[in-house]
Amino acid sequence: MSKGRRGACLKVPPAPPGDPTSASLPDKARAARAGAAMPRYTAHVRGEWLAVPCGDAALTVGWLGREAIRRYIKNKPDNGGFASADDVRFLVRRCKGLGLLDSEDPLHAALEDNEFVEVVIEGDAMSPDFIPSQPEGVYLYSKYREPEKYIALDGDSLTTEDLVNLGKGHYKIKLTPTAEKKVQKSREVIESIVKEKTVVYGITTGFGKFARTVIPVNKLEELQVNLVRSHSSGVGKPLIPERCRMLLALRINVLAKGYSGISLETLKRVIEVFNASCLPYVPEKGTVGASGDLAPLSHLALGLIGEGKMWSPKSGWADAKYVLEAHGLKPVVLKPKEGLALINGTQMITSLGCEAVERASAIARQADIVAALTLEVLKGTTKAFDTDIHAVRPHRGQIEVAFRFRSLLDSDHHPSEIAESHRFCDRVQDAYTLRCCPQVHGVVNDTIAFVKNIITTELNSATDNPMVFASRGETISGGNFHGEYPAKALDYLAIGIHELAAISERRIERLCNPSLSELPAFLVAEGGLNSGFMIAHCTAAALVSENKALCHPSSVDSLSTSAATEDHVSMGGWAARKALRVIEHVEQVLAIELLAACQGIEFLRPLRTTTPLEKVYDLVRSVVRPWIKDRFMAPDIEAAHRLLIEQKVWEVAAPYIEKYRMEHIPESRPVSPTAFSLEFLHKKSTKIPESGDL
């Protein structure tokens, strides 16, 4: 195959006796590999993963593809539909990055040892259930670097911020010495139970309806493996890498508390898997939230024991045993109680809930900035944010939001030419969507704080059953696995955070409606020829309407499962997933408002707004240019959405907000002819008459 046709399908001729393909290559290349361990590659052929040892890495990519197909044919009763491997035309591409490989390149130059490749047979169509080499959102791992810093877990002090950072791959995990001792102590209790052949649920008995079935000692390890296999019954898309890392990290944290009975050896094996970023295939659907998140956590455990699928930045998707081996790891061998210890808990609900809380916090504080910018464009008043108003209704969130508005809009400290241009207008008060931001945004902030408190408690809670109390030398069956706490909290979060989108959509309407904004219709010149923000507002309305259905609480539902032994469940998995969807919609609606407010500024030029809001405007204009005439809008919305997700809007405004807070700047209260005060009335009545008035 010529270099000019790199990546084209090829028919590789069979290697003659003695493998001259190898003999014809430079002896130096083979000599360089002499004495080294035999390299091995893992090839994916039509849904099958095949380990292909290579006696000489100077062999070619074409040889690897042909050998993988030969092994595939050998394992199929019908030869996979081929007469021989020599009749097959194929491409070879790397799983990591999906780059095509030239069939003539030597393996030692094209691939690393233990690398994963895809052998694509000419004429094959991708089946709907084909597992891609890379999961959704994997572009975030295109520049993945193994972290150097560690977080020490003790089961008691993990924060929501910590878990999100673990999900992003910023840290590896290690245990504190105290945690190691607690884990060892609890395991001693389990070993004693097994040794004395005591009948204890989940250790020497079956599960659920089979709790009264005693299992022979020689089958206790098989019991744990069977538990993991049978409970791996989830469906749907796999969790993206960040969420799977969060799930695994949180389960490690709970096990580190020392109430689960897992051995320290097994827990350290699990930590090694996390630190190598080997992530099991965990479908997002299948948990009812009691007895814990059994299905997703079972899929997590299935990968740890070397079964099912697994993903890593190095390999892409492959059979778990191959991914582990590629990272120098061995599958976990479960001891009595350890399967149950790995799968019983609320970590799916809680890890997703942790992401939801952090994203909700980020968008809530940025919503204040976006709304302040809209208020400037619509020439609103800051009177409604007066400290005295909020002091007499002293909700914490309301007071904080009003403060942020003052810090961004206080024209005596951040002079606004726009505010000065309408200071003496005849408008008495603004619409609720502007005037009531502290009250509406405020309760959202208080809701987030309430939910964060519950999620933080859940992060550091033992949620197994039975619980192992080493200090008492006994196990106790209870119900800590029930997900009602995080389920209810996340339903509440969805309801609360939705209001940011609901009020934002109404502000978008005011910006786009010329009878309300005094700006060109839909914020564009030459209306009619151009439609401007007309359909962007429709998108916001559609998202708000969808949120109304998503905000119906999932935790008000319950279906009896496991032959009525688990007769009340939380449905917390759906509560967590839909809370995340609601938050994403909120982010997108506020992204549209941010674009609309910045576009409104264009029609008020050359007047300038306050310094912090000008910084926000400059940030937006660094990624989205002004709307002069109609163009493809979706990329602009996505760019603004990305600014909010990455908290760039907060980053540019926060220094001004904190400076205002730290310097205790006196509040300015500009005089307006429509704002009545006794002082103003007194000044009018004591005014000295001019000579012409006498």
Side-chain angles (χ1 to χ4, degrees), residues 153-156 175-232 251-273 291-292 294 297-298 300-307 329-345 347 461-481 562 565-566:
L153 297 184
D154 58 8
D156 297 319
L175 296 176
T176 65
T178 301
E180 290 188 0
K181 291 178 182 177
K182 291 195 299 185
V183 169
Q184 288 174 319
K185 290 290 185 182
S186 70
R187 185 62 198 177
E188 289 171 5
V189 176
I190 302 301
E191 298 293 348
S192 175
I193 290 171
V194 174
K195 183 178 180 180
E196 296 173 10
K197 300 182 181 180
T198 308
V199 178
V200 177
Y201 172 75
I203 303 173
T204 55
T205 75
F207 310 97
K209 188 69 174 178
F210 299 119
R212 297 182 181 180
T213 303
V214 179
I215 308 299
V217 173
N218 65 343
K219 293 191 174 182
L220 293 183
E221 292 183 3
E222 182 182 354
L223 169 71
Q224 300 300 313
V225 174
N226 287 346
L227 172 71
V228 171
R229 287 171 175 164
S230 66
H231 285 44
S232 297
R251 193 62 204 161
I252 291 169
N253 188 63
V254 170
L255 295 172
K257 288 187 72 68
Y259 295 99
S260 305
I262 196 169
S263 67
L264 184 59
E265 176 193 6
T266 297
L267 183 53
K268 286 188 172 181
R269 283 269 185 93
V270 175
I271 292 172
E272 287 175 353
V273 172
S291 170
L294 291 174
L297 287 173
S298 294
L300 192 73
L302 191 70
L304 297 175
I305 66 174
E307 299 185 15
L329 302 172
K330 294 182 179 179
V332 170
V333 177
L334 297 176
K335 304 179 184 70
K337 174 64 166 71
E338 291 190 330
L340 190 59
L342 287 170
I343 75 170
N344 208 347
Q347 283 66 58
S461 295
T463 54
D464 293 64
N465 185 53
M467 307 290 293
V468 182
F469 292 94
S471 60
R472 295 167 56 172
E474 64 179 305
T475 63
I476 305 175
S477 289
N480 278 5
F481 52 73
S562 193
T565 57
E566 299 164 5

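Nothing fancy with the numbering, it's 1 onward along the sequence.
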(Q) Are the side chains of Thr204 and Thr198 in contact, using a 4.5 Å heavy-atom criterion? (A) no
Q) Between atom CG of Leu255 and atom CG of Leu267, what is the distance when rounded to the nearest 0.5 Å? A) 5.5 Å
Q) Got a second to check how far Asn344's CG is from Leu294's CG, nearest 0.5 Å? A) 5.5 Å
Q. So which heavy atom on Ser477 is nearest to which on Tyr201, and how close?
A. OG-CB, 4.2 Å
Q. Between Val273 and Leu304, is a side chain to side chain contact (heavy atoms under 4.5 Å, CB included) present by the stated rule, with each step listed?
A. CA-CA 8 Å; Val273 172; Leu304 297 175; 3.7 Å; yes
Q. How many angstroms lie between CD1 in Ile343 and CG in Asp464, if you round to the nearest 0.5 Å?
A. 10.0 Å
Q.
If the threshold is 4.0 Å, N to carboxylate O, is there a salt bridge linking Glu191 and Lys195?
A. no
Q) Going from CD on Glu338 to CD on Glu265, what distance comes out if it is rounded to the nearest 0.5 angstrom? A) 8.0 Å
Q) Looking only at heavy atoms, what is the nearest atom pair of Ile193 and Ile203, with distance? A) CD1-CD1, 4.0 Å
Q.
Under a 3.5 Å distance rule, please check whether Ser232 uses its side chain to pair with a backbone N or O of Ser298 as donor and acceptor.
A. yes
Q: Given side chain to side chain contact (heavy atoms under 4.5 Å, CB included), test Val199 with Val214 step by step and report yes or no.
A: CA-CA 7 Å; Val199 178; Val214 179; 4.1 Å; yes
**Q.** From Ile190 atom CD1 to Lys337 atom NZ, the distance as rounded to the nearest 0.5 Å
**A.** 5.5 Å
Q | Contact summary for Ala470 and Val189, nearest pair of heavy atoms | A | CA-CG2, 3.8 Å
Q.
Assess whether a salt bridge exists between Glu180 and Lys268, defined as any Lys/Arg side-chain N lying under 4.0 Å from an Asp/Glu carboxylate O.
A. yes
Q) Who passes side-chain contact (heavy atoms from CB on, under 4.5 Å) against Lys257, sequence neighbours left out? A) Asp156, Tyr259, Ala462
Q | For the student: nearest non-hydrogen atoms of Val332 and Arg269, plus distance | A | CG2-CB, 3.9 Å
**Q.** Sequence-distant partners of Thr463, side chain to side chain donor-acceptor pair (under 3.5 Å), two or more places apart
**A.** Gln347
Q) Of the non-hydrogen atoms in Thr266 and Val333, which two are nearest, and what is the gap between them? A) OG1-O, 4.3 Å
Q. Has the side chain of Asn465 got a donor or acceptor atom that lies under 3.5 Å from a matching backbone atom of Gly478?
A. yes
Q. Got a donor-acceptor contact below 3.5 angstrom from the Arg187 side chain to the Gly261 backbone?
A. yes
**Q.** Distance in Å, Thr176 OG1 paired with Leu153 CG, rounded so as to fall on 0.5 Å steps
**A.** 8.0 Å
Q: Find out whether Ile252 and Ile271 are in side-chain contact, i.e. whether some heavy atom of one side chain is under 4.5 Å from a heavy atom of the other.
A: yes
Q) Do you know which two heavy atoms are closest between Val183 and Ile262, and how far apart they sit? A) CG1-O, 3.3 Å
When the side chains of residues 219-229 are checked against the rest of the protein, which donor-acceptor pairs come out under 3.5 Å, sequence neighbours left out?
| unit_1 | atom_1 | unit_2 | atom_2 | d |
| --- | --- | --- | --- | --- |
| Gln224 | OE1 | Gly339 | N | 2.9 |
| Gln224 | OE1 | Leu340 | N | 3.0 |
| Gln224 | NE2 | Gly202 | O | 3.3 |
| Asn226 | ND2 | Glu222 | O | 3.4 |
| Arg229 | NE | Glu307 | OE1 | 3.0 |
| Arg229 | NE | Glu307 | OE2 | 3.1 |
| Arg229 | NH2 | Glu307 | OE2 | 2.6 |

